[in-house]
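Every heavy atom of this structure was used, including side-chain atoms; hydrogens, water molecules and symmetry mates were not. Order of the sequence lines sets the chain letters (A, B, ...), proteins ahead of strands, with each chain counted from 1. Note that the structure is a prediction, hence the values are computed from the model and not measured.
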Number of protein chains: 2
Amino acid sequence: MDNNCYQFMTYNITQSDFERSFCPVACALDELGDKWTLLIIRDLLLGKKRYQEFLTSPEHIATNILADRLKKLESAGFVTQQAYQQKPLRYQYALTQKGKDLGPVLQALVDWGKIYYPNSKVLSPTS
Amino acid sequence: MDNNCYQFMTYNITQSDFERSFCPVACALDELGDKWTLLIIRDLLLGKKRYQEFLTSPEHIATNILADRLKKLESAGFVTQQAYQQKPLRYQYALTQKGKDLGPVLQALVDWGKIYYPNSKVLSPTS
DNA sequence: ATCCATTACTTGCATATTGCAAGTAATGGA
DNA sequence: TCCATTACTTGCAATATGCAAGTAATGGAT
């Protein structure tokens, strides 16, 4: 990454900067490709912010997986942590622009899912 | 599933018919939520049909994973197998309508990825 | 006829990820 | 003092992944 040749605002990219390939689909799946991450993004898009709120979603994510994913989502720049109280220090989570911009992807998936899982129901902010 | 009460063209659904929840996003991720499945769909949308063609994609999927995913994609109704020769019997794969209809989802993901992985490159049918 | 290549997988095994349950730290309220 | 709440962490068994090698059925070249 830092190979001592100044190129302001850019740098030489190598294959290793991308996990598997330069394809945007592969890049996206390196960060989002599992059973849980996009469900957390869905919840955030629906307005959920706190740990307990994510736990109450109908898929019942395990607490260790939730903690792991929130950490990874933060370090990948999809969410930010913000303290909502001191004593005890407590954080809530919010989507960055990168995270918010997944809205159309989720919407396309929902549009597709409503056709192929006709008995599925789109979640509202309260479910 | 079959509980002896006739309801032509429909049946009583229960939570267990859906892996984790009734949400179309969760239903979709139950079938597509991993690092490889959508890359195979991408390849099929680009026109790839045969085992060796999938193996030459730049992400270098392992052969056992590819065999497993093709099997799962077939049993989930995303692809069909069709013999392209006898002696030895050899199959190629094609997307069903369910699979083809993921095109807009992939496109939304690519549109997003081109913004957030600006050095990524969209694959052409030959790459 | 023998050898090598190709295609489409399967198998074995070490490592990584997941799911489930339980535990922890720091508080607030009855 | 005791119980509840919030946001996690830890332990561990089960499952999935990655890598290398092996297999079966053929075709083509020497």
Item to check | B:Y84 side chain near B:K49 side chain, heavy-atom distance below 4.5 Å | outcome: no
Next on the checklist: Categorize B:Y93 for me: base, sugar-phosphate, or nothing, with a 4.0 angstrom heavy-atom threshold over every strand shown.
Outcome noted: sugar-phosphate
Checklist entry - Whole Å only: how far is the CZ atom of B:F54 from the P atom of C:dA8? => result 10 Å
Checklist entry - Whole-Å distance between C:dT7 C1' and B:K48 NZ? => result 16 Å
Item to check | Protein-nucleotide distance (A:I61, atom CD1; D:dC8, atom P), rounded to Å | outcome: 13 Å
Checklist entry - If we only count heavy atoms from C-beta on, is the B:P58 to A:R20 side-chain gap below 4.5 Å? => result no
Checklist entry - At under 4.0 Å, does any side-chain N or O of B:R90 touch on OP1 or OP2 of C:dC9? => result no
Checklist outcome for this item: By nearest-heavy-atom nucleotide on DNA chain C, the more 5' of A:H60 and A:L89 is A:H60
Checklist outcome for this item: Separation of C:dT7 atom P from B:L55 atom CG, nearest Å, is 10 Å
Checklist entry - Closest to the B:Q81 side chain: C:dC9, C:dC20, C:dT27? => result C:dC9
Next on the checklist: For D:dT9 and A:Y51 - does any side-chain N or O of the residue sit under 4.0 Å from the phosphate oxygens OP1/OP2?
Outcome noted: no
Checklist entry - Which comes earlier along DNA chain C counting from the 5' end, the contact point of A:Q86 or that of A:T63, where each point is its nearest nucleotide? => result A:T63
Item to check | Side-chain N or O of B:W36 closer than 4.0 Å to phosphate OP1/OP2 of D:dA16 | outcome: no
Checklist entry - Is it true that the side chains of B:Q81 and B:Y93 contain a donor and an acceptor less than 3.5 Å apart? => result yes
Item to check | Distance test, side-chain N/O of B:R69 to OP1/OP2 of D:dT17, below 4.0 Å | outcome: yes
Checklist entry - Hey, does A:I61 have a side-chain heavy atom less than 4.5 Å from the side chain of A:I40? => result yes
Checklist entry - Starting at the 5' end of DNA chain D, what dot-bracket string do you get if Watson-Crick and G-U pairs under 3.5 Å are bracketed, crossing pairs use [ ], other-strand pairs use | and unpaired bases use dots? => result ||||||||||||||||||||||||||||||
Checklist entry - Atom CD1 of B:I65 and atom C1' of C:dA16: how far apart are they, to the nearest Å? => result 12 Å
Next on the checklist: Is there a side-chain contact between A:E31 and A:L73 in this structure, where contact means two heavy atoms from C-beta onward sitting under 4.5 Å apart?
Outcome noted: no
Next on the checklist: Salt bridge check, A:R69 against A:D34: does any charged N sit closer than 4.0 Å to a carboxylate O?
Outcome noted: yes
Next on the checklist: Quick one about B:K72 and B:T37 (side-chain donor to acceptor, distance below 3.5 Å, no hydrogens or angles considered), yes or no?
Outcome noted: no
Checklist entry - Ignoring hydrogens and angles, are the base of D:dC19 and the side chain of B:N64 linked by a donor-acceptor pair under 3.5 Å? => result yes
